[in-house]
Undergrad: 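I'd like to ask some things about the structure below.
Quick note on labels: first sequence line is chain A, next is B, and so on, each numbered from 1.
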2 protein chains.
Amino acid sequence: MKDEDLAKDAGKNEDKVFKALADPSRRKLLDLLCEENGQTLNQLCEHLNMARQSTTQHIAILEAANLLSTVRRGREKLHFINPVPLHAVYERWVRKFEQQRLGLLHDLKTRLEGEEP
Amino acid sequence: MKDEDLAKDAGKNEDKVFKALADPSRRKLLDLLCEENGQTLNQLCEHLNMARQSTTQHIAILEAANLLSTVRRGREKLHFINPVPLHAVYERWVRKFEQQRLGLLHDLKTRLEGEEP
DNA sequence: TTGACATGCAGGTAAATACCTGCATATTGT
DNA sequence: ACAATATGCAGGTATTTACCTGCATGTCAA
């Protein structure tokens, strides 16, 4: 696979992660699993006041973004968080802007002053 | 203002930030500003292959999320990144899951082993 | 085995989203 | 002043999204 294709893939995954995190119900699901990892679908549903099927769809989106994985045990499905994509978001988005943080006000100041002498 | 209201407000802002970051065009806008802070609307448009008005709408969403601020200079509008909300996302979402990272595999293992003796 | 339980699958709808075009307004340089 | 430039505002549409209901399948326990 070429480098550009790899970059495209990374971009697609990143997009899935951001889209997955864009919904409050899905963020709540991650929160619930953070409190107690490995909960079943029904356990998660109890906190979400929406139909079970809706929750299932949200979970599918989180799973496609690789933010959680599931394991079947008999007739139930256990859900586990995967923190790796969140860390990737941090590396790509937070650290990058963090580094420039101190420089920003200076940029603004000099730019405005420079243009109107 | 009560504590619960403050929490609600924080939640709304958080939601705006995540929704703002959910679109690839908006993430690209932040990237462009990271390369060169203080660009005008037209400068930003040149990299986005969509109508100027669409870009304006994306910028409005980023601005509502407090991810960037604007300054008018004559007939142009300069755009500046604000990294603070991104850092808030980091504190709320990345660090939290980061801490549990090592515990997760252990949780999974013990849970599965415990239930099927 | 059979009834209760946990989840999967297939549509259907209302609201939100991401675009667009067309026209209006304000600023600058000649 | 006036033509070019930079941006603002008002709709309009196609797609996506977040829900739902109804029914099917698989698993456990008495």
Side-chain angles (χ1 to χ4, degrees), chain A residues 11-12 14-30 32-33 36 38-65 67-80 111-112 114-117, chain B residues 11-12 14-30 32-33 36 38-65 67-80 111-112 114-117:
Chain A
K12 275 196 178 180
E14 183 181 86
D15 195 52
K16 281 185 185 175
V17 173
F18 276 115
K19 287 227 162 71
L21 292 174
D23 186 276
S25 299
R26 292 194 285 270
R27 291 198 301 276
K28 183 157 192 178
L29 280 170
L30 291 181
L32 289 170
L33 287 178
E36 187 191 340
Q39 294 185 65
T40 69
L41 176 57
N42 267 342
Q43 280 180 298
L44 294 171
C45 282
E46 283 168 10
H47 301 277
L48 278 199
N49 66 346
M50 62 173 63
R52 174 182 54 83
Q53 288 85 343
S54 306
T55 304
T56 301
Q57 287 179 321
H58 283 303
I59 287 172
I61 290 171
L62 288 169
E63 206 169 354
L67 281 163
L68 62 81
S69 57
T70 59
V71 177
R72 263 213 109 94
R73 185 185 58 186
R75 59 182 163 181
E76 11 179 57
K77 196 178 167 191
L78 306 181
H79 299 76
F80 297 90
R111 178 169 292 268
L112 289 175
E115 306 281 348
E116 293 165 5
Chain B
K12 274 196 176 176
E14 184 182 85
D15 194 52
K16 281 185 186 173
V17 172
F18 277 115
K19 287 228 162 72
L21 292 173
D23 186 276
S25 300
R26 291 195 285 270
R27 291 198 300 276
K28 182 157 193 179
L29 280 170
L30 291 181
L32 289 169
L33 286 179
E36 187 191 341
Q39 293 185 65
T40 68
L41 176 58
N42 266 342
Q43 280 180 298
L44 294 171
C45 282
E46 283 167 11
H47 302 276
L48 279 197
N49 67 343
M50 62 175 63
R52 174 181 54 81
Q53 289 83 343
S54 306
T55 304
T56 300
Q57 287 179 320
H58 283 302
I59 287 173
I61 289 171
L62 289 169
E63 206 170 353
L67 281 163
L68 63 80
S69 57
T70 60
V71 176
R72 263 214 110 95
R73 185 184 58 186
R75 60 180 164 184
E76 16 181 51
K77 195 177 166 191
L78 307 181
H79 300 76
F80 297 90
R111 178 167 291 268
L112 288 175
E115 307 280 349
E116 292 167 3

Undergrad: By nearest nucleotide on DNA chain C, pick out whichever of A:T56 and B:I61 is the more 5' one.
TA: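 Looking at the nearest nucleotide for each, A:T56 comes out on the 5' side.
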Undergrad: Give every residue pair that meets the side chain to side chain donor-acceptor pair (under 3.5 Å) criterion with at least one member in residues 50-63 of chain A, sequence neighbours excluded.
TA: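 Listed by first then second residue: A:R26-A:H58, A:E63-A:T70.
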Undergrad: Between C:dC19 and B:H58, is there an OP1 or OP2 to side-chain N/O distance shorter than 4.0 Å?
TA: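 For C:dC19, OP1 or OP2 has a side-chain N or O of B:H58 closer than 4.0 Å.
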Undergrad: Once you round it to whole Å, what is the distance between C1' of D:dA18 and NZ of A:K28?
TA: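 Going from A:K28 (NZ) to D:dA18 (C1'), I get 17 Å.
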Undergrad: For A:K77, which residues count as a salt bridge (Lys or Arg N to Asp or Glu O under 4.0 Å) partner, sequence neighbours excluded?
TA: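 Here no residue qualifies.
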Undergrad: Taking the axis from the first five pairs and the axis from the last five, what angle separates them in the helix from C:dT1-D:dA30 to C:dT30-D:dA1, rounded to 10 degrees?
TA: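 End-to-end axis angle: 30°.
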Undergrad: Below 4.0 angstrom from OP1 or OP2 of C:dG8, is there any side-chain N or O of A:K77?
TA: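 Result: yes.
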Undergrad: C:dT7 P sits how many Å from A:L78 CG, rounded?
TA: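 That distance rounds to 9 Å.
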Undergrad: When the distance from CD of A:E46 to C1' of C:dA6 is rounded to whole Å, what number comes out?
TA: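 It is 12 Å, rounded to the nearest whole Å.
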Undergrad: Output all residues satisfying side chain to side chain contact (heavy atoms under 4.5 Å, CB included) with B:A65, sequence neighbours left out; order by chain, then residue number.
TA: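 Counting only residues at least two positions away or on another chain, B:A65 forms a side chain to side chain contact (heavy atoms under 4.5 Å, CB included) with B:K16, B:V17, B:A20, B:L67.
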Undergrad: Rounded to whole angstroms, how far apart are CG on B:D15 and P on D:dT17?
TA: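 Whole-Å distance recorded here is 16 Å.
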Undergrad: Excluding sequence neighbours, so at least two apart, what forms salt bridge (Lys or Arg N to Asp or Glu O under 4.0 Å) with B:K19?
TA: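 Counting only residues at least two positions away or on another chain, B:K19 forms a salt bridge (Lys or Arg N to Asp or Glu O under 4.0 Å) with B:D15.
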Undergrad: Roughly how far, to the nearest 0.5 Å, is the CG atom of A:L68 from the CG atom of A:L33?
TA: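 If I round to the nearest 0.5 Å, the distance is 6.5 Å.
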Undergrad: With a 4.0 Å limit, can you tell me whether B:N42 has a side-chain N or O closer than that to the phosphate oxygens OP1/OP2 of D:dT5?
TA: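 Looking at the OP1 and OP2 atoms of D:dT5, neither is under 4.0 Å from any side-chain N or O of B:N42.
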Undergrad: Can you measure B:F18 atom CZ to D:dA18 atom C1' for me and round it to whole angstrom units?
TA: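 Whole-Å distance recorded here is 19 Å.
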Undergrad: If every non-hydrogen atom of A:V71 is compared with every non-hydrogen atom of A:F80, which pair is closest and at what distance?
TA: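 So the minimum-distance heavy-atom pair works out to CG2-CE1, 4.0 Å.
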Undergrad: Take atom CG of B:L48 and atom P of D:dT7, then tell me their distance rounded to the nearest Å.
TA: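 Rounded to whole Å, this separation is 14 Å.
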Undergrad: Measure the CD-CG distance between A:Q43 and A:L48 for me, rounded to the nearest 0.5 Å.
TA: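 Nearest 0.5 Å value for the CD-CG distance: 12.5 Å.
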Undergrad: Can you tell me how far the CG atom of A:L44 sits from the CG atom of A:L30, to the nearest 0.5 Å?
TA: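 The CG atom of A:L44 sits 10.0 Å away from the CG atom of A:L30.
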Undergrad: Hey, mind stepping through A:L29 and A:S25 against side chain to side chain contact (heavy atoms under 4.5 Å, CB included) and telling me if it holds?
TA: CA-CA 6 Å; A:L29 280 170; A:S25 299; 5.8 Å; no
Undergrad: If I take atom CG in residue A:L41 and atom P in nucleotide C:dC9, what distance separates them, rounded to the nearest angstrom?
TA: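 Nearest whole value for this atom pair: 12 Å.
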Undergrad: In whole angstrom, what separates A:E76's CD from C:dA4's C1'?
TA: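 After rounding, the reported distance stands at 14 Å.
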Undergrad: Do nucleotides 20-30 of chain C as a string where each nucleotide becomes B, S or -: B if the base has a protein heavy atom under 4.0 Å, S if just the sugar-phosphate does, - if no protein is that close.
TA: BBB----BB--
Undergrad: 5'-most contact on DNA chain D: A:D23 or B:H79, nearest heavy atom basis?
TA: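 Closer to the 5' end of DNA chain D: B:H79.
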